[in-house]
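Contents: one structure, followed by commentary.
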Amino acid sequence: MKYPPEPFKIKVVERIERTTDEERRKIIREAGYNVFNIAADKIYIDLLTDSGTSAMSDNQWAGMMHGDESYAGSRNYYHFESAIKDIYGFDHVIPTHQGRVAENLLFSTICNDESVIPNNTHFDTTRANVEYNGALALDLVVDEGRDPSIIAPFKGNMDIKKLQNTLDKYGADRIPLCMITITNNSGGGQPVSMQNLRETKELLQQYDIPLYLDACRFAENAYFIKEREDGYADKSIKEIAQEMFSYADGATMSAKKDGLVNMGGFITMNDGDLAEQITNRLILIEGFPTYGGMAGRDLEAIARGLQEVLNEDYLAYRISQVRSLGEMMDEAGVPYLKPTGGHALYLNAKSFLPHIPQSQFPGQVITCALYTSAGIRAVEIGSLMFAHEDPETGETVYPDLELVRLAIPRRVYTNMQMQYVAESIIEIYKRREELRGLKIVKEAPVLRHFTARLTPVES
Ligand SMILES: *Cc1c(COP(=O)(O)O)cnc(C)c1O
């Protein structure tokens with residue numbers, strides 16, 4: 001068996017609508033050639049994000065019925081707390097309604113205008129929370145992590161030399177903590193090795209700087225360690241995860257990823273004084289410390305999801321579903337970011353559509369073609385998202401990479417649906433020369449990609 005089949009059977013199904021080509025051409029035009037403006041009911045396969053889109057199990061749904069909605073001390077909180085302590089191993093657990101609130105609480109408590117936060121690569125909400133609190137966010141991923149053509153096992157690793165230089169340059173007093181994101185979401189979902197976590201910890205320890213993990217995809221990271229790093233093949237995913245966390249002093253988590261739920265998060269750490277300060281702030285902005293912005297039933301679903309995500313059959317299926325999509329691209333010569341990471345396929349739009357300049361949004365052109373020809377929703381991560389005017393010269397600065405991300409929701413789509421996705425991409429690739437660029441007709445001053453309206457350029 002080349003790929004492991006789904007380790008589950010389907011008990012409940014959700015109908016998805018198939019629209020006609022003609023309907024989709026009208027829908028994309030009315031949406032201003034921006035897939036964010038399309039009603040989800042008009043999407044056949046939605047690969048916009050893997051965040052909050054997981055399918056819960058029968059066991060999680062059953063847990064929802066065990067929800068205890070007491071304001072204080074709900075039984076589900078205790079289950080949530082013990083599930084997290086069992087895997088992460090830290091002394092304090094603080095629930096939040098999603099990951100960015102955990103980041104907000106952490107950085108608003110520890111940062112000042114002088115602070116510097118190193119990370120392999122800050123996720124965008126993490127960077128925003130660091131910068132909003134006056135601090136400097138530095139991305140110190142290894143060089144190979146920035147090169148889409150290099151195939152290497154751990155492209156999410158922290159560059160220890162760059163970290164040492166950062167310590168020398170700014171001084172330990174200005175660095176309240178260092179973060180590592182597992183897997184490295186903004187770098188393509190690439191994993192971080194155990195050795196790298198250990199070496200980062202050893203260096204930070206000399207300066208008494210705590211290490212926090214941005215742990216949204218910790219189980220996917222653990223699976224890659226088991227597969228790729230010497231000495232871990234015979235360890236369980238849970239043992240690997242426990243060792244990963246043993247090198248850290250705390251973690252922030254969006255349970256919308258490896259928590260296998262649709263909403264939720266937490267922050268967990270050993271430092272009792274910090275936990276107390278954060279808890280006081282939590283009561284102000286989220287809720288009482290035993291629910292932190294979630295219902296009791298949601299806490300229960302996370303407690304159960306965190307146990308399920310450690311299942312090796314699940315992870316083997318999960319990682320290989322993403323990998324097989326990449327291998328189907330290889331067979332047809334479709335350019336993408338290699339190797340595939342844990343949660344998404346990233347098409348390389350510059351090589352896919354060399355005849356369309358970045359000023360005409362090649363990534364967005366592919367995104368629109370995927371919707372129009374197959375009802376698939378992906379997301380552009382390129383010029384539409386990142387191109388900006390240089391404040392001094394007034395010239396437009398384009399990002400190095402022009403990508404289209406197809407993020408795979410957990411346990412939602414079958415391998416046959418993934419094959420449909422692959423065939424749809426290949427069909428577009430074969431007729432790529434017919435595709436024409438786009439231009440913006442309306443845009444917002446910030447985060448324009450969410451609401452911008454575009455139109456095809458005249459050929
Ligand atoms: C999703 C994500 C976050 C933010 O979590 P939300 O639940 O969306 O607020 C932070 N870091 C990483 C790496 C993420 O993938």
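Both ligands and their constituent atoms are indexed starting at 1 by order of listing.
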Which of the listed options, [options], holds the heavy atom that is closest to [atom]?
atom                   : options          : value
atom 5 (O) of ligand 1 : S186, G189, S254 : S254
atom 2 (C) of ligand 1 : H97, M179, K257  : K257
atom 8 (O) of ligand 1 : R127, R100, R217 : R100

Donor + acceptor pair across side chains of [X], [Y] (<3.5 Å):
X    : Y    : value
H92  : D271 : no
H79  : E300 : yes
N184 : T121 : yes

Ligand-residue contact atoms, ligand 1 with [X], heavy atoms, under 4.0 Å:
X    : result
N185 : 13 (C), 14 (C), 15 (O)
F123 : 1 (C), 2 (C), 3 (C), 4 (C), 10 (C), 11 (N), 12 (C), 13 (C), 14 (C)
T181 : 13 (C)
K256 : 7 (O)

| What are the two closest heavy atoms between T340 and Q190, and how far apart are they? | C-NE2, 4.3 Å
| remark: Checking K162, K161, K155 against D143 for salt bridge (Lys or Arg N to Asp or Glu O under 4.0 Å), the one that qualifies is K162
| query | Can you check whether G99 has an N/O within less than 3.5 Å of an N/O in ligand 1? | reply |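 By distance alone, the answer is yes.
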| field | Any N or O of T125 closer than 3.5 Å to N or O of ligand 1 | value |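 There is no such contact.
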| request: Report yes or no: does a heavy atom of M263 sit under 4.0 Å from some atom of ligand 1? | output: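 In this structure, M263 fails to qualify as a contact of ligand 1 - no heavy atom is under 4.0 Å.
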| said: Please determine whether any non-hydrogen atom of G265 lies less than 4.0 Å from an atom of ligand 1. | reply: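 In this structure, G265 fails to qualify as a contact of ligand 1 - no heavy atom is under 4.0 Å.
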Among protein heavy atoms, which sits nearest to [atom], and what does the distance come to when rounded to 0.1 Å?
atom                    : result
atom 11 (N) of ligand 1 : D214 OD2, 2.9 Å
atom 10 (C) of ligand 1 : E103 OE2, 3.0 Å
atom 6 (P) of ligand 1  : Q98 NE2, 3.3 Å

| said: If we check side-chain hydrogen bond (donor to acceptor under 3.5 Å, both in side chains) with E103, which of these qualifies: T126, T252, N133? | reply: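 Considering T126, T252, N133, a side-chain hydrogen bond (donor to acceptor under 3.5 Å, both in side chains) with E103 is found only for T126.
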| request: On the 0 to 90° scale, with breaks at 30° and 60°, tag the F245-F90 ring pair as parallel, tilted or perpendicular. | output: perpendicular
| request: Apply the ring pair (Phe, Tyr, Trp, His ring centres under 6.0 Å) test between Y291 and each candidate in Y78, Y71, Y77; give the one that qualifies. | output: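 Option passing the ring pair (Phe, Tyr, Trp, His ring centres under 6.0 Å) with Y291: Y71.
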| Salt-bridge criterion met for D249 and K201 (N-O under 4.0 Å) | yes
